[in-house]
Amino acid sequence: MKTPVYFISDIHLKLNVDNAEQLRREKLFRLLDKICKTGGTCFFVGDLFDFYFEYPDVIPKAYSDFYNKALEMKTKGVNLHFQTGNHDYWFQDFLDKKIMDKIYTEDLDIMIAGKKFFITHGDGLLSWDHGYRILKKIIRSKFFINLFRWIHPTIAYKIARFVSRSGKEETHQADYYNDVKIELQSFAKKQFENGFDFMISGHYHLGEMYNINQGKLAVLGDWFYRPSYAKFDGKDLSFQLWESDV
Ligand SMILES: [Mn+2]
C-alpha cells in the first residue's frame, strides 16, 4: 500500500443534501485536496455513506460530487481503499471497479511499510454485541440482498431514509462510551501482544488515539462532531483533528 496512508471513517454522506450537508462535504473535500498534494493512499474505514445500495444499472445520485472528487484523486495518483461499514456494505461493481481501487468486506490484517496493522470498521467487535453479530450475518447474506434488490429503488430509499432518521435518536450515556473505550483498549492490547503495531477502528465516533504498551490504537471520529483522521507516514501513526479553518 502506498504511503502516506490516511485513515478516515464515519463520514456518513447523507441522501439529503441540505446546507449543513454541503458544508460538511466542503470540509471533507478540503482534506481530500490536501491528500492529493502528498499522494499515497486514502483509506475509508467504513460508513463513508449513510446509506448505499447499488443495483446492476442504478447508483445513488446524492453522492455524485463525491464520485467526482474520488475520480479526481485517482487521476492525481492517490489510491482509494474502502472497508465497508454497517451503513455501506451493499456495493456492486460501480463502487468496486470505477470508484475504489480496493474494497474490503472483512477486518483487515495487513503489513504496510514493515508495520503490522489491524484495520476494522468495528461494528460487532464488542463482547456484548451478540444479537448484532447475528443480525449482521442476515442483512449481509446474498438472500437478503437479492430480496431487497427487488423493491423499487424509490421505495427502497424511502425505507433507508426512515431507518437512518430513527437511528439518529440513539444517544448514549457517558458510561457507555467509557465501557466502549475500555473494551476497545483491551481488544487492542491483545492484538499488540500478538504482534500488531497499530489498530485502526471506526464506528464508535470517539476521535481519539491511545498508546497501549508499544502499540497505538486510533478510534477515528465521525464527521458530524469530531472530523478527524489518522495518518501513517511510513514510520509512525499520528492522529489529527480536522478543524473547519484548516
Ligand atoms: Mn458504523
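Note that the numbering runs from 1 along the sequence shown for the chain. Remember, it's 1-based here, ligands and their atoms both numbered in the order they're listed. As a basis for the values below, the full set of heavy atoms in this structure was taken, side chains included, without hydrogen atoms, waters or symmetry mates.
Taking SG of Cys42 as the start and CZ of Phe7 as the end, the distance is 10.0 Å to the nearest 0.5 Å.
For the residue pair Asp10/His205, the side-chain donor-acceptor check at 3.5 Å is satisfied.
With a cut-off of 2.8 Å, the protein N/O/S atoms near the Mn ion (ligand 1) add up to 4.
Under the 6.0 Å distance and 45° angle rule, Arg25 does not count as a cation-pi partner of Phe66. A cation-pi arrangement is not found for Lys216 relative to Phe198, the charged atom failing to lie both closer than 6.0 Å to the ring centre and inside a 45° cone about the ring normal.
No close placement of the Phe82 and Phe91 rings is indicated, their centers lying 6.0 Å or farther apart.
Between Leu95 and Phe49, some side-chain heavy-atom pair lies under the 4.5 Å cut-off.
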